[in-house]
Participant: 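The structure's right below; bear with me while I get my questions together.
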Amino acid sequence: MRLRTLLIWLAVVPTVAMGTQVTVSAQRLLEQSAQLRADVEAAERVGAPLYTLMVDMQAERTATASLWAGTAGSEGELRVRRAATDSAAAEFRVLADDPSRSFTEVTRQLEKLAAYRQRADTRSGAADSTLAYYSEVIGKVIQVYQQEFSHAEDAELAQASRPVVSMLQATEMVAREDTVLALAGPSGELSFVGYDQFVSSLGAQRYLHEALIVPHLTARDERFYERVVGSEDWQEKTRIENAVLSGHKDTVSGIKLPGEVSGWSSAHANFSVQMTTLNIDLARSVLARGEAKAAELQAEVAWLIAGSGGGLLAVVVVVVFTTRSVLRRLHDLHERTVTVAEQTLPDVVARLQRGQTVDPEALPAVSGDRDEVGRISDAFARAVAVSVDGHRRLAAERHGFGLFASGIASRTGNLVSRQLSLTEDLQDTFGHDEALLAQLMRSDQLTVGMRRQIENLLILAGGEVPDPHTEPMRVADLLREAAAEVEDFRRIERQALDETSVEPSAISQISHLLAELLDNATRFSPPKSKVVIRAELVADGLSVEIEDRGPRVTPERYEEMNGRLHQAPPYSVLAQNAHRLGLFVVGHLADQLGATVTLRRSVYGGTCAVVVLPAELLLPSEGETPREPARREPAHREPALVGAASAPAAAPAAEAAPAPAPAEEHEHEHVPEPEPEPVAHTSAGLPSRRTKTPRHAPATALAARPAPAAAPARPALPERVPQTHIADELRAPHAPESQVPQDTATPEEVADAWADYEQGTQTVEEELRRDQP
């Protein structure tokens with residue numbers, strides 16, 4: 001899971017949970033508000049008729065008791081009360097049409113009213129049972145009030161509605177006292193059951209007033225209540241009740257009431273009106289509180305929704321800001337990491353490999369941030385520091401190994417240079433012995449190869465090729481010098497199609513590069529095949545093509561070899577390819593020269609190496625007199641000799657070495673013979689080979705030299721310029737010798753050549769098998 005998605009989910013989950021909680025809370029509050037409004041509406045619609053029904057039922061019950069006691073004028077009073085009760089019951093039945101409420105219980109009890117009225121009219125049964133019916137109906141009305149309008153789910157409203165219900169119950173207790181006293185009638189006597197009912201009602205109403213009404217009244221309602229209970233009628237009521245409790249007399253048939261009870265009817269009529277007013281005020285205050293509470297709940301829902309919406313918006317803003325901040329820091333860390341990995345670190349490694357110093361400010365530094373992103377950045381900075389330290393140690397080791405290899409190359413090169421000087425001295429001393437001269441020339445050629453291998457070691461170690469050249473060199477002379485570095489130089493055919501020259505500072509490097517490619521071409525091609533090297537000017541500079549007719553190479557193999565030419569390998573790769581270092585040397589030289597080297601298949605099935613030298617290394621040679629190149633080739637091989645080396649090996653030695661042109665002889669006549677030069681050293685410490693200027697005989701001696709005498713057939717020797725290295729005693733003319741055409745090669749040379757070819761072919765096949773998966 002992406003970090004962005006994870007952060008969003010971390011914000012979405014609590015947001016959804018919070019939104020769900022807010023929704024549930026708002027729905028609950030709205031339901032409570034709706035219930036309160038429904039209760040208020042029901043109380044306003046049904047409460048007043050229900051209260052009127054209760055009061056009328058209480059009055060009818062008292063009138064029925066008076067009728068049962070035989071009080072005068074009770075029949076007319078009962079008819080009035082019954083009419084009022086019927087009107088209140090009819091109104092209640094019309095309004096109480098909600099079957100989900102408890103109004104149906106009152107309605108069902110009212111259906112029995114006619115039967116109990118008939119029993120009262122006929123005085124069938126006991127009076128207590130008939131009056132108990134009225135009390136039961138009134139109790140159901142009070143129970144409806146308690147169930148419908150108590151608001152038990154709201155503590156505040158429940159506290160406010162408690163005095164209303166208690167006041168109704170207290171009013172019912174006073175009404176029962178009135179009924180009991182009316183049942184005493186003119187005789188003023190009560191049964192024992194009636195007296196017990198009076199005492200119970202009196203105790204209940206006093207308890208209700210003292211414990212459940214007065215403590216829960218508001219200040220306004222409490223003041224009104226105090227006016228009611230402080231009135232004369234209420235005081236008269238209290239005196240009568242006390243008189244009944246203390247002044248009654250027990251008789252055989254019941255309880256004789258005191259005479260004070262005669263003032264009960266007028267007092268009850270007065271204070272009952274006040275109590276009714278108090279009950280209505282209490283009910284209206286409860287309804288007003290319910291309406292206000294409903295409005296408060298709706299406002300609370302609005303504030304809850306608004307606050308929750310603001311909170312959710314703040315959460316969204318914080319989440320978006322935090323997510324963008326974290327992702328931006330991670331993106332910056334990623335960009336810095338990629339920059340360090342792709343640019344800074346490779347540049348630092350390259351500088352370390354070149355032996356240059358590295359600025360510590362270029363590397364990421366440890367910031368010391370304690371948050372997670374900062375610690376990741378610091379960990380990456382430490383990893384980069386460890387990596388750079390490792391590369392610094394490797395660079396130091398590589399530099400030390402380069403110095404070590406350069407030192408070995410310098411010492412070995414000094415020995416090789418001394419060996420070349422010794423070989424030249426031996427050639428000068430024993431040049432009259434052609435057999436010995438041939439062996440000395442072969443030794444000289446092998447020594448030149450040794451010097452090239454030493455230069456390869458110096459190049460791979462990071463040094464420079466010794467360069468004794470101080471003047472530009474023609475391309476034709478450069479090709480001839482490169483061919484002279486190869487042991488099998490006779491097979492090389494040179495073609496310089498354009499006359500141009502090369503900068504002096506790049507001559508040795510270019511010559512070494514071409515010599516490595518030519519040596520590779522001669523070793524991996526048939527011994528009798530030609531290796532062609534041609535040079536011509538192109539748009540990008542100078543193109544040099546070296547083409548052989550060796551075995552076929554797969555495209556994958558060409559891709560691998562071109563990779564070696566275009567990339568400097570580490571020492572581990574060099575160690576694994578110690579037998580194939582030539583291409584690495586060519587790649588190093590090409591990189592130093594800014595040249596490109598590409599290997600591809602030639603039209604003859606062999607390999608064609610294309611070298612493109614940049615135009616910055618070239619100089620025009622128009623009007624320039626051809627001159628001798630700097631002596632980098634073996635001292636015994638003159639330019640004319642190297643030019644003749646391209647002739648077929650079957651040609652006679654005398655034909656392969658024609659006399660120098662007149663211009664060359666004229667030039668030689670004006671060049672004084674220098675003294676032997678000391679061994680020169682390059683900037684890398686590698687001694688360059690000592691060059692010697694050939695000693696030329698006078699022109700008359702050269703012209704007077706007769707043709708050589710006939711000689712028996714012998715192997716063809718490497719071509720030499722006449723009278724270059726022979727002793728002075730042998731410069732005198734001698735009898736001409738008849739020239740006999742020689743064979744192409746002796747059996748020993750043919751065997752050696754084929755052995756070299758077979759060895760090269762086996763090497764190629766072994767490499768191809770090793771490269772196959």
Side-chain angles (χ1 to χ4, degrees), residues 32-59 84-85 87-89 91-98 101-103 105-107 137-176 204-205 208-229 231 234 271-297:
Q32 186 177 356
S33 175
Q35 181 67 31
L36 285 175
R37 290 187 181 278
D39 291 344
V40 170
E41 182 182 358
E44 291 177 350
R45 183 169 55 88
V46 183
L50 187 64
Y51 183 78
T52 302
L53 176 63
M54 182 188 71
V55 173
D56 291 339
M57 289 290 289
Q58 290 173 347
T85 302
S87 176
E91 185 179 359
F92 173 76
R93 288 190 184 97
V94 173
L95 297 177
D97 57 353
D98 189 353
R101 295 182 176 271
S102 58
F103 300 147
E105 185 68 22
V106 178
T107 304
V137 173
I138 295 171
K140 292 295 183 182
V141 171
I142 296 174
Q143 186 178 359
V144 168
Y145 267 104
Q146 188 174 4
Q147 291 179 355
E148 296 293 334
F149 309 121
S150 62
H151 308 291
E153 68 279 358
D154 189 279
E156 183 180 355
L157 290 179
Q159 183 73 17
S161 63
R162 188 176 302 169
V164 176
V165 177
S166 299
M167 184 65 72
L168 292 177
Q169 292 174 346
T171 302
E172 168 61 12
M173 293 300 105
V174 173
R176 287 184 182 183
Q205 64 95 8
L208 290 173
H209 280 284
E210 294 175 359
L212 300 180
I213 295 176
V214 175
H216 301 285
L217 291 176
T218 62
R220 175 177 172 276
D221 295 334
E222 186 177 2
R223 289 193 298 270
F224 188 86
Y225 176 79
E226 289 177 354
R227 286 198 302 270
V228 173
V229 298
S231 62
W234 186 268
F271 74 75
S272 63
V273 175
Q274 296 178 351
M275 294 302 295
T276 300
T277 304
L278 179 60
N279 289 335
I280 294 174
D281 289 342
L282 290 176
R284 287 178 177 175
S285 66
V286 171
L287 294 178
R289 286 191 179 184
E291 184 68 26
K293 185 65 175 179
E296 183 180 351
L297 290 176

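Only a predicted model underlies this, so the values are computations on that prediction, with no experimental measurement involved. Computation of the quantities below employed the complete heavy-atom set of this structure, encompassing side-chain atoms and omitting hydrogens, waters and symmetry-equivalent molecules.
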Participant: Which atom names give the shortest non-hydrogen contact between A294 and S33, and what distance separates them?
Facilitator: O-OG, 3.0 Å
Participant: Quick check: do F224 and T277 have side-chain heavy atoms less than 4.5 Å from each other?
Facilitator: yes
Participant: If the condition is ring-ring contact (aromatic ring centres under 6.0 Å, His included), which residues does H209 pass it with, not counting sequence neighbours?
Facilitator: Y225, W234
Participant: State, yes or no, whether a side-chain contact exists between F92 and T52 at a heavy-atom distance under 4.5 Å.
Facilitator: no
Participant: Identify the two heavy atoms, one from Q205 and one from V174, that lie closest to each other, and give their separation to 0.1 Å.
Facilitator: OE1-CG2, 3.9 Å
Participant: With side chains defined as the heavy atoms from C-beta onward, is the minimum distance between R227 and Q274 less than 4.5 Å?
Facilitator: no
Participant: Specify the closest pair of heavy atoms between Y145 and A48, including all atoms of both residues, with the distance to one decimal.
Facilitator: OH-N, 4.5 Å
Participant: Output yes when a side-chain donor or acceptor of S285 lies under 3.5 Å from a complementary backbone atom of L282, and no otherwise.
Facilitator: yes
Participant: Test of understanding: with side-chain contact (heavy atoms from CB on, under 4.5 Å), list the residues that count as partners of E226, not counting sequence neighbours.
Facilitator: E222
Participant: Could you pull out all residues at least two apart from E296 that satisfy salt bridge (charged side-chain N to carboxylate O under 4.0 Å, His left out)?
Facilitator: none
Participant: So, using side-chain contact (heavy atoms from CB on, under 4.5 Å) as the criterion, who are the partners of A89 when residues are at least two apart?
Facilitator: L53, R93, L110
Participant: Excluding sequence neighbours, so at least two apart, what forms side chain to side chain donor-acceptor pair (under 3.5 Å) with T218?
Facilitator: D221
Participant: Which residues pass the side-chain contact (heavy atoms from CB on, under 4.5 Å) test with T171, not counting sequence neighbours?
Facilitator: Q58, M167, N279
Participant: Between V141 and M57, is there a side-chain heavy-atom distance shorter than 4.5 Å?
Facilitator: no
Participant: Which value, rounded to the nearest 0.5 Å, describes the distance between L168 atom CG and Y51 atom OH?
Facilitator: 6.5 Å
Participant: Check A88 against D56 and note the closest heavy-atom contact, atom names and distance.
Facilitator: CB-OD2, 3.5 Å
Participant: Which residues pass the side-chain contact (heavy atoms from CB on, under 4.5 Å) test with R284, sequence neighbours left out?
Facilitator: I280
Participant: Supply the atom-to-atom distance M173 CE to L208 CG, rounded to the nearest 0.5 angstrom.
Facilitator: 7.5 Å
